[in-house]
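Quick notes on the structure that follows.
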Amino acid sequence: AASSTGWTRPFQAADCYLDLSYKPEGQQGLLLGQLLGESKASFDTARVALIGPKGARLQTEEIEPNTGFRLTVGSVAAHHLELTLGQTTFKVALS
């Protein structure tokens, strides 16, 4: 089951921050995020991927700096995010 309380956390990745919030909604929840940084100078592409408990890529979103994104997730304890900036990927724990 999804956590009954939401949270907001910043994650540093290279010279950017990923501002990430979890909002529970019934049996699932929403991950709301925004990549905060000066510009895309240090990477040519950026994307987030929601990874399931068995390592499967469940959702992938191309993202732009300072523009929000949202992903639907079940139990955040069973998932993690991968933030890819250019050729570098960062694993982001959700619990």
Side-chain angles (χ1 to χ4, degrees):
S3 172
S4 61
T5 60
W7 47 257
T8 298
R9 298 181 190 149
F11 296 92
Q12 185 171 7
D15 59 352
C16 300
Y17 284 91
L18 179 64
D19 182 24
L20 192 63
S21 297
Y22 172 72
K23 310 274 188 222
E25 288 193 351
Q27 296 297 322
Q28 58 186 13
L30 290 176
L31 284 173
L32 306 170
Q34 184 174 2
L35 185 62
L36 304 174
E38 292 296 314
S39 69
K40 289 177 31 166
S42 62
F43 53 91
D44 54 352
T45 61
R47 69 179 173 278
V48 291
L50 180 64
I51 309 299
K54 296 182 180 180
R57 200 171 286 255
L58 303 176
Q59 297 176 59
T60 302
E61 293 279 333
E62 296 290 326
I63 59 175
E64 293 287 331
N66 306 309
T67 302
F69 65 88
R70 60 188 277 155
L71 301 169
T72 303
V73 64
S75 170
V76 289
H79 296 78
H80 72 273
L81 280 184
E82 287 182 352
L83 171 64
T84 303
L85 303 175
Q87 300 299 314
T88 305
T89 298
F90 303 87
K91 184 175 179 177
V92 179
L94 299 177
S95 60

- request: Walk me through it: do Q34 and N66 pass the test side-chain contact (heavy atoms from CB on, under 4.5 Å)?
  value: CA-CA 6 Å; Q34 184 174 2; N66 306 309; 4.1 Å; yes
task: Go through the steps to decide whether L58 and L71 satisfy the test side-chain contact (heavy atoms from CB on, under 4.5 Å), and finish with yes or no.
output: CA-CA 10 Å; L58 303 176; L71 301 169; over 6 Å; no
task: Check the pair L35 / F11 against side-chain contact (heavy atoms from CB on, under 4.5 Å), numbers first and verdict last.
output: CA-CA 9 Å; L35 185 62; F11 296 92; over 6 Å; no
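A14 and F90 make their closest contact through N-CZ, 3.6 Å (heavy atoms, listed as atom of the first residue, atom of the second, distance). In terms of heavy atoms, T8 sits closest to S21 at OG1-OG, 2.9 Å.
Here S95 pairs with nothing under the side-chain hydrogen bond (donor to acceptor under 3.5 Å, both in side chains) rule; sequence neighbours left out. Legend: residues meeting side-chain hydrogen bond (donor to acceptor under 3.5 Å, both in side chains) with T72, ordered by chain and number and at least two apart, are absent. Residues that satisfy the side-chain hydrogen bond (donor to acceptor under 3.5 Å, both in side chains) test with E82, not counting sequence neighbours, are R57. Scanning for side-chain hydrogen bond (donor to acceptor under 3.5 Å, both in side chains) contacts around T60 gives an empty result, with sequence neighbours left out. For the side-chain contact (heavy atoms from CB on, under 4.5 Å) test, no residue two or more places apart in sequence or in another chain qualifies with A93.
The side-chain heavy atoms of L94 and L81, taken from C-beta on, include a pair separated by under 4.5 Å. Proximity of R70 to L31: side-chain heavy atoms (C-beta onward) are nowhere separated by under 4.5 Å.
Atom CD of E62 is surrounded by more than 12 heavy atoms from other residues, nucleotides or ligands within 6.0 Å.
Under a hydrophobic clustering in which Ile, Leu, Val, Met, Phe, Trp and Tyr are joined whenever their side-chain heavy atoms come within less than 4.5 Å, directly or via other members, I51 and L18 fall into different clusters. Put simply, V48 and L20 are part of the same group of oily side chains (I, L, V, M, F, W, Y) that touch within less than 4.5 Å, one to the next.
The hydrophobic cluster around L32 extends to L30, counting ILVMFWY residues whose side-chain heavy atoms fall within less than 4.5 Å of a member.
R47 pairs in a side-chain contact (heavy atoms from CB on, under 4.5 Å) with only one of the listed residues (T89, L85, T84), which is T84.
With rounding to the nearest 0.5 angstrom, the OH atom of Y17 is 3.5 Å from the CD atom of Q12.
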